[in-house]
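Keep in mind that what you see is a predicted model, and the values were worked out from it rather than measured. Ligands are counted one by one from 1 in listed order, and the atoms in each one are counted from 1 as well.
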Amino acid sequence: MSEENRVMGIDIGGTGVKAALVDTQNGTMTSERVRLPTPQPATPAAVMEAIKELQRQLQWQGTVGCGFPGLVKSGRVQRAPNLDSSWIGYDLAGQLQAQLGAPRVAIGNDADAAGLAEFRFGAGRGAGGTVLVITLGTGIGSAIFRDGVLLPDTELGHLAMHGKVAEKWAAASIRTNKDLSWKKWARRLNDYLVHVEYLLGVDLFIIGGGVSKKPAKFFPYLQGVGGRVEAARLGNAAGIIGAALFPLR
Ligand code: BGC
């Protein structure tokens with residue numbers, strides 16, 4: 001593997017900040033996956049310290065790609081629903097470059113990162129039509145592909161459902177926080193997917209996030225969803241692997 005194909009992928013999440021070195025040619029991690037809990041409050045300065053610590057652990061000085069759980073435009077954070085409000089306006093790309101001393105930095109939405117990884121190396125490989133990658137974690141993230149082309153920055157976790165924002169009703173965190181059975185939670189997820197499929201005519205749903213490792217617990221309850229529904233193949237690693245693909249775009 002040539003060194004220029006290696007990128008440090010960072011996945012900033014609501015509960016954990018994770019990173020690894022990634023071979024961007026074949027979508028595999030070439031280091032261990034390192035993780036720190038997301039600091040509370042999750043301010044930019046505190047999260048940046050965690051990222052610096054992960055960089056130290058990986059002993060990396062090269063290119064960096066980072067997935068962020070919200071909307072980033074031109075390197076700056078526009079919205080960060082599950083982190084501290086002080087992120088709004090933060091120059092994430094500039095700060096990563098300055099604080100990590102990285103030669104090149106590229107950032108994007110965390111679900112788009114997971115989607116890119118699944119599309120290139122996982123369950124979406126070679127799929128045509130409308131493919132929707134849904135990540136289930138603290139919130140709900142979305143990445144839409146039409147014939148292999150990503151429409152970035154969609155926020156389908158924020159659709160209104162039952163008088164609530166959908167992610168406050170069906171994210172994986174709601175199952176644990178509200179102590180819902182898998183069945184109860186999966187029925188919520190099912191309604192959400194049915195709604196989204198109606199709006200977008202999805203051919204293939206790829207369900208990502210930590211729960212994608214346990215499809216047997218909830219896939220049996222996903223009934224009536226038009227289109228195929230598959231579990232993400234890269235599991236939680238998709239966010240890191242996809243983030244490492246951002247500098248290639
Ligand atoms: C954010 C999305 C993000 C998702 C998963 C949502 O609350 O609005 O941008 O992709 O959480 O982290």
Whether Trp87 and Phe68 hold their rings parallel, tilted or perpendicular, with breakpoints at 30° and 60°: tilted
Record the part of Pro81 in heavy-atom contact with ligand 1 below 4.0 Å; permitted values are side chain, backbone, both and neither. side chain
[X] near ligand 1, heavy-atom distance under 4.0 Å?
X	answer
Ile140	yes
Arg79	no
Gly70	yes

With side chains defined as the heavy atoms from C-beta onward, is the minimum distance between [X] and [Y] less than 4.5 Å?
X	Y	value
Val22	Met8	no
Leu21	Trp60	yes
Val225	Asn190	yes
Ser142	Val133	no
Pro81	His158	yes
Val64	Ile51	no

If you measure every N/O of Thr135 against every N/O of ligand 1, is any gap under 3.5 Å? no
Nearest protein heavy atom with distance in Å, relative to [atom]:
atom	result
atom 5 (C) of ligand 1	Asp110 OD2, 3.5 Å
atom 2 (C) of ligand 1	Glu155 OE1, 3.0 Å
atom 7 (O) of ligand 1	Glu167 OE1, 2.7 Å

Numbering the atoms of ligand 1 from 1, which are under 4.0 Å from a heavy atom of [X]?
X	value
Gly141	4 (C), 5 (C), 10 (O)
Asn109	2 (C), 3 (C), 9 (O), 10 (O)
His158	1 (C), 6 (C), 7 (O), 8 (O)

Side-chain H-bond candidate by donor/acceptor type, Thr24 with Arg6, under 3.5 Å: no
